[in-house]
Structures are given as C-alpha cells and as structure tokens.
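This is a predicted model, so every value here is computed, not measured.
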Amino acid sequence: MKIRVYVSLKEGVLDPQGKAIGHALNSLGFQGLGEVRVNRVVDLDVPADDSSAAIAKGEAMARALLANEVIEDYSVEVVA
Amino acid sequence: MKIRVYVSLKEGVLDPQGKAIGHALNSLGFQGLGEVRVNRVVDLDVPADDSSAAIAKGEAMARALLANEVIEDYSVEVVA
Amino acid sequence: MTVTIDAKLAQSFGLTGGEYDKLLTIMGRTPSFAELGIFSVMWSEHCSYKSSRVHLKTLPTKAPWVIHGPGENAGVVDIGEGLAAIFKMESHNHPSFIEPYQGAATGVGGILRDVFTMGARPVANLNALRFGDAKHSGTRRVVDGVVRGIGGYGNCVGVPTVGGEVNFHKAYDGNPLVNAMTVGIARKDKIFLSAAAGIGNPVVYVGSKTGRDGIHGATMSSAEFDDKAASKRPTVQVGDPFIEKLLIEACLELMATDAIVAIQDMGAAGLTSSAVEMAGKGGVGIELNLDAVPQREPNMTAYEMMLSESQERMLMVLKPERTEEARRIFEKWELDFAIVGKLTDSGHITVIHNGVTEANIPLAPLADEAPIYNRPMVHAEPPRHISPPADPVGIEHALLTLIGCPDLASRSWIWNQYDGSVGGNTARRPGAADAAIVRVDGTRLGLALTTDCTPRYCQADPKAGGAQAVAEAWRNITATGAKPLAVTDNLNFGNPERPEIMGQFADAIKGMGDACRALDFPVVSGNVSLYNETRSPTGLAQAILPTPAIGALGVIADASKSIGLAMPDNHDLVLVGEIRGELGQSLWLREICHKEEGAPPRIDLVAERHNGDFVRAQIEAGHVAACHDIADGGLMITIAEMVMASGVGCELLAPPHGLPIHAFWYGEDQACYVIATKNAKAMLSAAEKAHVPARKLGHSKGTSLKMADGMSVSASRLREINEAFFPKFMGEGA
Amino acid sequence: MKAGIVVFPGTNRERDMAHALKLITGHAPRMIWHHETSLGDLDLVVLPGGFSFGDYLRSGAMAAHSPIMAEIRRFAEKGGHILGVCNGFQVLTESHLLPGALLRNAGLRFLSQDCHLKVENATTPYTRGWKSGDVFRAPLAHGDGNYTASPETLQRLEGEGRVAFRYSTASGHVSHDDRHANPNGSALSIAGILSENGRVCGLMPHPENLVDPEIGATDGVPLFKGLVEALVA
Ligand SMILES: Nc1ncnc2c1ncn2[C@@H]1O[C@H](COP(=O)(O)OP(=O)(O)O)[C@@H](O)[C@H]1O
Ligand SMILES: [Mg+2]
C-alpha cells in the first residue's frame, strides 16, 4: 500500500529555507505571498492489509526515523 | 489561498537519499518496503481568487524556481 | 499574565531563595515577570560565572603580546605586522544532545559572532568533541548530527574548519561535549569593544528577526539533564548560516567606517545580556522599545523578546549622524536593521512594550551584586604511579589494536566533511601537522592552531590533567615550529554544587595556571560549562569526565616553513625528551589490559619548556624535516602516525635496557618529540650542548615500520586499520 | 586579461579566486555584485564557489535568477568566456548555460578532500595549459557535486569533446563506481564540462585553491595560465 509521510517543521521553528525562497519568489515578481515553508515528504510502499495498518506503520517509521520530533511534526496518509 | 507544491525527482533519476532511508528503515525492522523516495513540498499562501488561479500561480512558481525540470517533476494542489 | 511572582516562581526560573531575596532588596518591590526573567538569566551560572569566578581569577592572563584578555567577547593577541588574532572557544553541550545537528550548528554560529563582533574576519574554526562510548546505542546519532551540523554551518559561512579533537568515553553517553573555537584576524588598531557610550546614542538591532527560540536556554544549559529533558525540547534553536554569512560581511563593511561606538553579539540570553552588558560596561543606562524589534512571530511578550535566543542577531550603539549610512549597508545585505532604543543617563535598563514599562532595573547592582559562590570542595587523593604491568599481547598486536581504537583511529571521516581549504590559506590541514597552519592573508605569517585535553588524566588527577592539557597544546604548536602565544579554554565539568566536582574544577584550574605560567602562555578568553551530568531514572547523577578543553594559538613567521608530521625517506629519527615508560592511565592500559588506573604521566613543566624551546630552535635552524609529539598511545603510535602520514617506513633500533619494552613504546611520557632529521649525530650533539635528553630511534626507509626484533608492518596495513573505525562505526562500510 | 568575479549573497570563495587570478595574471579582477546589471568590458567572467543564498532549495537555484544573470546570458550569447567553479558550476546548470544538474553526493555527505582530475580535452581555453590525459590534484569541497544528465546529453557531451575534466585516481585511472576514483558518484566520472561553443566551462573542484607554492602546490596554475594565453592573444 502506498503511503506518504509528510514531515514539517513545528510551528515557531525557524525555517531558513522557506524564508530565503519566499524572498526569491518575491523578487521574481510573485508578490503578496504569506509565510513559505519547505517540508519533506517520504513516499513509501508498505506491506499492509488495510489503510489503518498502513498508516500505523507509517507513523511508526516517522517516529523511528523519518521525523525529528524535537523540531518536526509528521502526518501520514494513504495515497493508493 | 494555501497551496502545496510537490517537487519530486523524475523517474529514472537516482535518489540516493531515498535509498539510504529505505536501507535504514529495513535495518530498523521495517521489512518489505518497496522503493522509498524523498521529495520536497513547498507550502505557500498565495493571493488568488479561486483554486484554478492559485494552482496556475503555483505552477508558474514551480517552473520559475521551485523545480528544476531537468531532474524534477512537480504538481500543485490547493490545501485550504 | 496571571501568575503570582514569588520565591517559588523564582526558583522555577533557577534562582535560589537567597538570590530572590537579594533581587527584592535591589528592586525594593516585587519584580515584574520580565524583570524576574532578566534577573534569572543574568544570574544564571552561564552568564554570571557564579561558581567559577573565584577560581578563574587565578589564571594568568597577561603577556606583552596580549591586547585584550578575558572580559571581552574574545581574547586578542598581537601577531605582528600591525595585526591581531582574536579567538575564543565556547560550548554547546546540552543543545547538541537534544538536537545534535542544530545544537552543534548554532554553537559554531555563536562562537563566530563572538569573534567578528570585535572586528575580525573569521579565518579558522576548530572543534573539540567528546562522545559517549562507541558501543553505546545512542552515540552514532550524536556523532552524525554534530559532525553534519558543524560542517553544515562552517562550510556555508565559508570559514575553514582546520582542527579539533575527538574522544569517546561512556561518561559522555548522555552528555556529549561540543566545544567550538573560532579564530579571526583584525587590524590591531581596529578592535571593536562592547562598552556603550554617548547618552542619547541610538541602540540598533541587526540580523535576523526575533522568534520564540530557545527561551530560557541560558538557564537550561545550567540545569542538569534528567528525563524531564524531553519536556524542554521546544527551546531548540535553528541556525541560519546564510544569514550569518551576510551578517559577517555587513558588519565588516560597517566596521570599515567609523559609525560604531560599541557592538555586541546576542548570544545566550539574547537581547537581555547584550543590552545589560553593553550599558553596564559603559556605565550608562539603556532604554529599549520592544515594539521596534523585528519579530518573526505574532504576539510575543516582553519576557519572550528579552529572553529569546534567536540566532544571527547583533546589537550596536551607533553615532547618530552615521545611522543612515549603517542602514544602507544592512539593507544592501538584506538584513533587518532597526533602531530599538537609546542610551540614557538613568543607570537603568528600561524596557518598554506597547507603551507599558515592562522592566526597569538598576544596572550597577544587577552586575555588582550578582551572586558569587565559593562553593565547598573536596579534593580527591590522586592515585599512585603504577609500575608497568606485564605485557599480555606483544608489541605488534598492541600497535594494531591501538591504531584502530576509537580514540586513535583516523578522524578523516570527520574532517573530510568540513571545508578545510576555503580561504586559500590553509597551509596544513587536519592530520598534516600537530597544529593546523593557516596563513594570514596578505602576509607570510602562519597561525598555528590546536585544541587539546586528555579527560582520563583529568579524571585521575585534575591538577595534573589541567597542566597536561595546556602543555600538550603548547607542544603541538611548538612541533610545527611556531611560537605558542596564548590560550582559550572551555571548562566542562559536572554539578558544582557537589563538593567533589568543585574540587576537580579548582584543581584543574590550578594545574592549568601552573602550566600557563611556566610556559608563558596566558589565558585570554574562555567559557565554563557546568552541570554536565545525566540523572538516571534511579536518581543517580553521573558526571562527565572533567574536561578542561584548551584551544591555543601560536605564530610562525613564514607559514610555508612550518613542519608537518609526514616523514620523508632516508632521514634519521631522533627522540627528544626522556621516556620513563608511563603506563598509568595510558591507552595501552585501557585498550590492552582493560584497566583505567594509576596516576597520569608526570608533568615536568621545566623539561616541557626546555625540550620544546630546543625543538623550535632546531626547526628554525632548518634541521627538522618532520616532527610529532608523543601523546595518546605513546612513542610507537607517534612513529606509526608519521609513517602513515607519508607512506614512508622506518627501521627502528632496539629500545634501551632498563625499561620493559612495552613501557618504552607505549608509555605516554610528556615533553617528548620525535624528529626526522638528515643527521642524527648533529642533532644529538646539539641536544647534549643544550642539556636536552635525546636518542637516535632509527632511520626512515622503505614502506614498512620495522623493529629490531623483526616485527614489520606495512604503512598501507597501518592505514587500512587506522581508517576502518569511523566508516564501520557509522555503518557506511568503506 | 580583464576578469570579473560575480558575488552573490552567500558566495564564499570569491577571495580565493581573486587571489589566484591576481597571482597568475598580475591583475586584480573586478568584483561584481549580483545586483549589478552590466558587466562592462571583460574577457572572462567567473562564478566562484560558496553557498549562494545558502544553497537553500537547490544549490545555485536562486542565484540563477539574480539580476546579473541576464547580463551573463547575453555575454554568453555574444561568445564570452565564463568559468563556473563549484557553486558557480551549479549556477550555470541551474540557468541552463550548461546542461545537466548536480545532485547530492552519492555518499550523502559533504566532501572536502583532495581529488585528482584527468584532462580529457586539452584544446579548450580552460584546458590548454595541460596535455590530454594529464592528471592534476585539486581540492574539492561540496555536498552537491554528483553530475547527472539524460543519456542523450551525456552522449552528446562525450561525442562533442565537451567533457573537460574527469575524476580519476592519482595515476589517472578512471572508475565510475569506485568512490576513491569518483568521490561523489558523478555520471561517467564527470568533474567539468563545456558549452557547445567551448567557452563556458563548469567544474566542481577548486583549482584556485592550489596555485600558491606557499600553500602546498601549484597544480591549479595551468588553468589560469592557459586562460591568459587564450584570451589575451
Ligand atoms: N574559563 C575561562 N577562562 C578565562 N576566561 C573566561 C573563562 N570563561 C569565561 N571567560 C571570559 O569571560 C567572559 C564572558 O564569557 P562568556 O559569557 O562566555 O562570553 P559571551 O557572553 O560572549 O558568551 C569572556 O570574556 C570570556 O573570555
Ligand atoms: Mg559574546
């Protein structure tokens, strides 16, 4: 089952990348953008019988490795 | 309007990071995973009247800066 | 806010009952929340040095070449040609355990700011690292993150990382040490200080915006770790090396004008400590208007803004008529620039937010009445010197074991992740010489840079260990041909409220001071990190090994004439100094006999100086082709490292009678060097004339290390074993 | 030779490059801030190493959109000579002045070490200081140096002699899968390439850090000597 683990910086944590990209987009003429945040998604194909098992696996992997819970949050969704 | 731009390596372009993560997950006991790919998402808040305008803006930003079309594909969705 | 401000709240901020009473006397009223915050960070161990100050005062800090000693953002020494070297070391231990990448990265960022805030362009970084047991399951995560973080930050700002040191020991399992050092160069007559002056002058904030980063970091880093550490996690700060790079360039550009009256980086306790220190040193008052502070997050309180440890920010006092010129420079570099206040004659720090005075504290008592403790001490009896135990494995086996063990294995896996060549002035990169050599731009001068400390010696005998750390740093600089000038330190210890820890601290400083005096090697800057302990779930506190890390700087007149450790073919090898076979606390004892016992090697500071001055004179006279001091692992390891560095082998003579063979080869005797020279005879007679002990060890030739008894190990085999540890440990398989 | 060095926010090897150019050509190059919109009269434009815009997003991506790049593109169209080193190479691929892209190093770690480069085509202004097959030493220092391009592009580069430098061992042995020979895992061990007209060159390692005998060696000197010969003649 294909899942997507979405890993994002916790609110309030500085995102230097997002800041720089927002700046660059602005000077390319894309104005009025709010905060820009750059996050990471990990696409995986996990052996699981149903969605909830797949999601549980994704969450376990996020906790074990994919997300750095000190500064990052994660969420998991089934994509196919 | 909040949009999300997904940027992923084109198929056929080697993703060493994904490979390394797959390997690490495997040694943590998560077996039977297929290919693991790590991609980037950029979350932005764009001024737009409707979804299709927002998506068009996201695509323009992807072409202009967010994705390198030599090696990457992109897709845009509205999240809120 | 609806909290009650009382002694109990103060305690949760880290202030004792007595300290809170003192605060009440100074204020004559109950403090506001923001005021309590300001007192608590200014009186924290980190900012006030309350436990360490009485001892630090005993260190020698003066020499004719010292321009500024402790008390400024970094130490400043005269290196000739109208130039000064500015350097300091600082710890980021606790943040590096919580989030190794960001902890180490922001540590590098912080020490860079301490140096460029004084007007210096940073030209070199070093890092002294202590990790837990390599067999401990958590160690790899910390090593990986710390090394990536140091590289990630230093590489991006474009300052070469040229040296450092690494140890592994179980005492650091839950409390690694990350000590970062930066060296910069400035014109001697263009040094910027932090004392504010000029009533009415604008106070200007530059750099990144303020967020809720690391609030209460300064007090957190003074609190022991326990399993509550997890709940303190949101205080992690994220570094932005790109902004730091811009900040360096913008500050140096502004410093080339004469707009700046005073400047200070925002380090621990951010806006609070920078404002308090600048005004306090200048004997003036300061008024801050927080509405003007560039903010990254909405609805920040005065307390949050005053205590935020957002990175990459500086505070300056400018000449009013030059403010617009300064603004233009910072706007060119696309950095925030805001006038956030002015100097006053009130003698107070006054903080205004949304029209409300949130804090109003008299500065003189805040500084003068800061707590100072002469904490109780217990001095442990140092262990006795041991006589060499029997050799269970033989010389060759010990060589192959030691050369591959975590504390002696090649660190190339680490330094290959650090940009060592940016700047184009790195004449000796890590592994090439006992100290890194960085040429000073536009001159032939070379800076010789090193960091040193042997924590297992300090644990056994803090005084001897403190002296040894200084002596080794001095020796490492000497071995390159440079003249050692001055020291910065980073004193990492456990909980000072425990008398035995305080005893270690005082004794280590005593040893350091003795060595600094004997070697004319003053301490010009430094940092103290206490409470490096982990508390197990059963409540038992486990302190780190006492680790007074020494960073040191020397100068050589011509960087291209510095000496490295790569041994050329067809040279005589000469030992300078006397080997007594000191196996107590040696790596041989630990790795071969699995014992950590006995007294560390004797420190003879007179011999240290005498032997070192002789070696330097021989280098200056052009008689030395390679040189390496004896340290961890002893003489055999010194020779093996020289063989590995060049790939040239050697034939060694039989060791002298009267000492067990393994004690001769693996004793960690101090004040000793191995020299490669064209002609041993001349070297030996020069040594005799100078009353320096010396003996011929052998001759370089071939590609194997060969002993008189027939043992032979090829240079390539040595290298293979030496380089295997790190990739294997990190699961990367070479 | 009139050379200019472009400085983006975050560029950090501009001084190294200026030192090398000054040492070898005798003339100090002009420093060009990325906001400038004119190059003036130059024989050579250099995009130096560093972390332009922090290398956030992708290395070189944001610099490729700096104001000065429009002018550099015109300069290229007029047949100007442009050298991009390390981050400069990344900027050139991101702005499509050179084909392909530079991905994360195969080992996923920043690499700072000496490497050896084999000169593949010694008939260009950038390589004429060597003979084809010569091997020289150069420091490298990058996290994203793993060259990649479509099979067709790689084939064209090979066929048209546009591979300028390849990673090799000290003895000149090329082996794509061996990290000692090809440290970052680049396709076909490619370390440096040329544009169609041979006048735009990008390479990852830093010959400019090895031009001064006082700092160790002079392996990088032929690059600059060759440029002087080619461009001042
Ligand atoms: N162990 C030490 N030895 C000598 N000087 C020290 C030591 N620790 C701190 N200092 C000096 O005390 C001053 C304050 O140090 P610190 O608070 O670490 O500086 P900063 O505010 O820049 O972080 C500095 O001048 C520093 O050099
Ligand atoms: Mg400071």
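The neighbour count for D:E160 CD, taken as heavy atoms of other residues, nucleotides or ligands under 6.0 Å away, is above 12. Around atom CG of B:D49, no more than 12 heavy atoms belonging to other residues, nucleotides or ligands sit under 6.0 Å away. With a 6.0 Å radius and a threshold of 12 heavy atoms from other residues, nucleotides or ligands, B:K2 has its NZ atom at or below the threshold. A 6.0 Å sphere centred on NE2 of D:H176 holds more than 12 heavy atoms belonging to other residues, nucleotides or ligands.
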Would you tabulate the side-chain donor-acceptor contacts of residues 62-71 of chain B under 3.5 Å, counting partners in other chains and residues two or more places apart, or write 'none'?
from	atom 1	to	atom 2	distance (Å)
B:R63	NH1	B:Y74	OH	3.4
B:N68	OD1	B:V70	N	3.0
B:N68	ND2	D:E94	OE2	3.3

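Here OG1 of D:T148 is found 8.5 Å from CG of B:L14. Values are rounded to the nearest 0.5 Å. Taken from CG in D:L108 to NZ in B:K19, the straight-line distance is 9.0 Å, to the nearest 0.5 Å.
Residue contact with chain D, scored on non-hydrogen atoms closer than 4.5 Å, involves the side chain of B:V13 exclusively.
Nearest heavy-atom pair across B:P16 and D:A106 is CB-O, 4.0 Å.
In this structure the side chain of B:R40 reaches within 4.5 angstrom of the side chain of D:L57, judged on heavy atoms.
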